[in-house]
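In what follows, a structure is listed as structure tokens, so that the remarks can point back to it.
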Amino acid sequence: MATKVDEKKKLTKKDFTSDQAVRWCPGCGDYAILTAVQNALAEIGKDKDDIAFISGIGCSSRFPYYMETYGFHTIHGRAPAFATGLKVANPEIDVWVISGDGDSLSIGGNHFIHSVRRNVNVKYLIFNNEIYGLTKGQYSPTSRVGTVAKSTPYGSLDRAFNPASLTIGSEATFFARVADSSPKDMKELFVQLAQHKGNAVVEILQNCVIFNDKIHADITDREVRDDHQLRLEHGKPMIFGKEGNKGIVLEGASFKVVTIGENGVKESDILVHDAKRQDPTIAFMLSRMRLPEFPVPMGIFRQVEESTYDEDVNKQVADVKTKKGKPDLQKLLNAGETWTVG
Amino acid sequence: MAQQAVETHELERVTIKFAGDSGDGMQLTGTLFSDESALIGNDLATFPDFPAEIRAPAGTVAGVSGFQVQIGAVEIHTPGDEADALVAMNPAALKANLSRIRKGAIVVVDKDSWEERDLKKADYDHDPLQTDVIESYQLVQAPITSLTRETLKDFEMDTKQKDRCKNMFALGMMFWVYGRSFDNTEKYIKQKFAKKPKVVEANLKVLHAGYSYAQTIELFGSTYKVAPASIEPGTYRQISGNKSTVLGMLAASVKSGLDIFLGTYPITPASDILHELSKYKEFGAKTVQAEDEIAGIAMAIGAAFGGDLAFTTTSGPGLALKGEALGLAIMVELPLVVINVQRGGPSTGLPTKTEQSDLLQALYGRHGESPCPVIAASTPGNCFDFAFEAGRIALEHMTPVVYLTDGYLANGSEPWLIPDVNTLPEIKVQKAKEGDANYLPYDRDEETLVRKWAIPGMKGLAHRIGGLEKQDKTGNVSYDPQNHEFMCKVRAEKVARIANDIPDQKIIGEESGDLLVVGWGGTYGSLLTAVTELQKQGKKISLAHFNYINPLPKNTGDIFKNFKKIVVCELNLGQFQKYLSETFDYDFLKFNKIQGLPFMIGELKWRFESILSGGA
Ligand code: SF4
């Protein structure tokens, strides 16, 4: 793909930057995500007129206004449905959905799971900051129990959604996780995302400096991240830790953290990550891993290829066209029993 | 047995009702009778009337399913007030319909379904056939079930299967009484059960048996003939409103050169539009059964953004759910047609019955200042014209359009003069020019105020739209107070100017007089029939029946001033009357009915006569 672009004109981040002033709070994680997306698009090299960004409502959902592509800022929670309509109508367009934890998993939960289930070929970014930013600080469906927020001065009571489990449980063909504090990881992941044919959901651990600062710090901080993150790479053993000597093994029906070199554990005992495995069980198990017992998996959990909904809808139309031949409206109007008067 | 000499009477029109348990196949029976009549050239109108429950307890009044048809040697615009003949397959069917049949009517009952327990299920504490009430009718007690079983005694079928043919027995009897041949019915049965030859044979045998039974046994004093009607020359077919809506959608697709996208969620009585359209993918129609009503419209708007001719279909409660998204479509000014097949509300209300009570919701049921064109079909056949027109207005004026029909139009059917595709206008899609360096998404045509449509994939036109208020011309987000007021007014003015692009309101009858009857949508047939009958009696009465509701035709104000009185008739509590009163300074009288049923000609005439003789 890159060579093709070189022949034309090398695209840069600027080609994907609109003339609108970006209006997120200073220090918000959204800035880094915007830059990573723009850099990724420059690398992918697709024409800006063939790309559309669709969003719902929330801080993240202002995103399309800042992109020099087609864009549609829609209504709260419904972005996946708008994106489905667009992609089915116009399958040539690369469609990206920008959403947040409230937008996708609360008001839009229904549309989210159904767009995943249908495998609509859209790239879906969930900015998960575990809080409602735009409405000024209420807890969200990903907030941990006990979250003290504007609407829960005594702590939140409802249990949280785990975006990875929900997505994989909804028949996902692609799920990944990345942190807004890792610009390079983000860019690389977004390039891979764009190349996946099918629905592709990424949970971005995003920092809201105003209402939920450092909520992901225990995962993303420089000092702890090597021990607290498991960087998933397809075909590579699940090894992590500052010393690079910790790993994940399967014991019975559960995962277990082991140290290579201790108790006779060898590197070859460590479970090798297979993102392309059809059976989602292991991917689901990865989604359940959390601190402090386990490191938090980052990267692509699952990437399998299946036909996409938009492709199937258009194929069915094309098949019927082939079978029935050129449609004739007059013939259709005259179908069935007719009779002539006068 | 010797053939009895029965007299044959010539009738101008006749109304027949088939009623039975919802499992008795009455809808099919009525449809076959209607089709057969249409094919011999009668004009007709049908009214299927079925329970909300798929299978309400058998034999109860709640489970009665009926199909009424009026056929005529004259023009027919309604399914008839009262039936001249009722076929009642059980006591519940009789009970549900006794008040809706004419004195002197033929009443055919299945004697075999008249046991003590059948009466009890219908909540009868006595046998109505043994009372004086029944004396005003020509009662025919036929052992339909046992004769059906007898006819099929050599068939290897269980009793339940045999009993499923008894509707054919009743149909055969009625074919004889009304002098109909039944070639089409035979053809239909053969096609429908092509894979089950035994079922075909059984049904046909029972159909013939019913016919011969009626012919041989001296049950009916006379037979009747309804000659072909003299209607406009041309080629006709039977059509229901939902089907003709689908054909209108396809016609708009062909004439605009755009593919259809339908995003929708099943809801009675609109689902048939999805079922029907799904068959015609060769026209490029993409149909998506969404996860809910909101997703249905959201997908449609997404598809409109993507360049398709987008539709969403629903009924009242669904329209409420779509309200927010409809507001967005109005804000971003994308073409979209929202089809609302109205039913009795609020809430689940009377889901299988007709009503016109979503008018104010269609006009005003949204947040913010959100003007939206509203049009309504008025006959099953012209659902074609107004589905097409909804598509045309949406595309040529870059706006969502609410297109209203109702359960009565959707399920009712009539002979339809098939239009010539070549006479339909081309739809001028308002696309931007690719590569236009000066393209601004909210720049408008000076006259129509319509913006240009740039579709993802079109080169050099990448732009952003959204629900936030936008700056005039550029479409950039703007919180400027003056700009917001300006944009609200522009959006309203754009919709108001559609009035320049629709025909004048017609009046049926004289352009002045004592009483102008005003209606809209699905009540056309009833109002026309009542008004025409009074006109024939020399009354100075005219009809103005509206299809264009927002904006109203430009001459609307003028037509009112030449009448001494105006009465607005609707199947709601006065919504159109309220709407007209808002704009025009007349004393609009009302006539409303909200029973889930169409107007009866009798009640309309009674009301009009009372106004004409000085009542209010
Ligand atoms: S409120 Fe939080 S998420 Fe929203 S822009 Fe500000 S920092 Fe970012």
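Quick note on labels: first sequence line is chain A, next is B, and so on, each numbered from 1.
Using a 4.5 Å cut-off between heavy atoms, V254(B) touches chain A through its side chain atoms alone. Using a 4.5 Å cut-off between heavy atoms, T69(A) touches chain B through its backbone atoms (N, CA, C, O) alone. With a threshold of 4.5 angstrom between heavy atoms, A38(B) approaches chain A through its backbone and through its side chain. With a 4.5 angstrom heavy-atom cutoff, L328(B) touches chain A only via side-chain atoms. Of the atoms belonging to I455(B), heavy atoms from both backbone and side chain fall under 4.5 Å from chain A. L334(B) touches chain A through its side chain: at least one heavy atom from C-beta onward sits under 4.5 Å away, while N, CA, C and O do not. Only the backbone of K279(B) comes within contact range of chain A, judged by heavy atoms closer than 4.5 Å. Looking at I54(A), the atoms closer than 4.5 Å to chain B (heavy atoms on both sides) all sit in the side chain, from C-beta outward. Contacts of I297(B) with chain A are absent, with no heavy-atom separation under 4.5 Å from either backbone or side chain. Within the 4.5 angstrom heavy-atom criterion, atoms from both the backbone and the side chain of A295(B) approach chain A. Within the 4.5 angstrom heavy-atom criterion, only side-chain atoms of N184(B), from C-beta onward, approach chain A. No part of Y188(B) comes within reach of chain A, as not one of its non-hydrogen atoms sits under 4.5 angstrom from that chain. Interface remark: L461(B) contributes backbone and side-chain atoms alike to the contact with chain A (heavy atom separation under 4.5 Å). For F283(B), the parts sitting under 4.5 Å from any heavy atom of chain A are the backbone and the side chain alike. Heavy atoms of P228(B) lying under 4.5 Å from chain A are absent altogether. The contact between Y309(A) and chain B is made entirely by side chain atoms (from C-beta outward), counting heavy-atom distances below 4.5 Å.
In terms of heavy-atom pairs under 4.5 Å with chain B, the best-connected choice from K48(A), K323(A), R62(A) is R62(A). Each of R118(A), M67(A), Q316(A) has some count of heavy-atom pairs under 4.5 Å with chain B, and the biggest count is that of R118(A). With respect to chain B, the highest number of heavy-atom pairs below 4.5 Å among P64(A), A52(A), S61(A) belongs to P64(A). Note: G234(B) leads G234(B), G466(B), G467(B) in heavy-atom pairs under 4.5 Å with chain A. Comparing T322(A), D19(A), N314(A), V88(A) by heavy-atom pairs within less than 4.5 Å of chain B, the highest count is held by V88(A).
With rounding to the nearest 0.5 angstrom, the OG atom of S244(B) is 11.5 Å from the CD1 atom of I418(B). Once rounded to the nearest 0.5 Å, the distance linking CG of L309(B) with CG of L262(B) reads 10.5 Å. Rounding to the nearest 0.5 Å places CD1 of I33(A) at 5.0 Å from CD of Q206(A).
Salt bridge K187(B)/D183(B): absent, no basic N to carboxylate O contact under 4.0 Å. Taking the charged nitrogens against the carboxylate oxygens, E282(B) and K321(A) have no contact shorter than 4.0 Å, which rules out a salt bridge. Of the charged side-chain nitrogens involved, none lies within less than 4.0 Å of a carboxylate oxygen, so that R117(A) and E171(A) do not count as a salt-bridged pair. Using a cut-off of 4.0 Å between Lys/Arg side-chain N and Asp/Glu carboxylate O, K87(A) and E92(A) are scored as not salt-bridged.
W24(A) and F63(A) have tilted rings, their planes meeting at an angle from 30° to 60° on a 0 to 90° scale. Ring geometry, Y132(A) versus H76(A): the interplanar angle exceeds 60°, so the pair is classed perpendicular (tilted spans 30 to 60°).
For the residue pair H111(A) / E291(B), a side-chain donor-acceptor distance below 3.5 Å is found, with atom types taken as modelled.
Checking Y124(A), W96(A), Y66(A) one by one against F53(A), the ring-ring contact (aromatic ring centres under 6.0 Å, His included) holds for a single residue, W96(A).
Shown here for K470(B) and G475(B), the closest heavy-atom pair between the two residues is CB-O, 3.4 Å. Shown here for Y265(B) and D292(B), the closest heavy-atom pair between the two residues is CD1-CA, 3.5 Å.
F175(A) has its side chain out of reach of V116(A): every pair of non-hydrogen atoms, C-beta onward, lies at least 4.5 Å apart.
Taking the ring centroids of F82(A) and F305(B), they lie at or beyond the 6.0 Å cut-off.
Contacts between residues 324-340 of chain A and chain B, defined by a heavy-atom separation under 4.5 Å, are made by K324(A), G325(A), P327(A), D328(A), L329(A), Q330(A), L332(A), L333(A), N334(A), A335(A), E337(A), T338(A), W339(A), T340(A).
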- Message: Let's go through E311(A) and K197(A) carefully: what are the C-alpha distance in whole Å and the side-chain angles of both, what is the deciding distance for side chain to side chain contact (heavy atoms under 4.5 Å, CB included) to 0.1 Å, and is it a yes or a no?
- Response: CA-CA 10 Å; E311(A) 185 177 81; K197(A) 195 189 81 148; 3.1 Å; yes

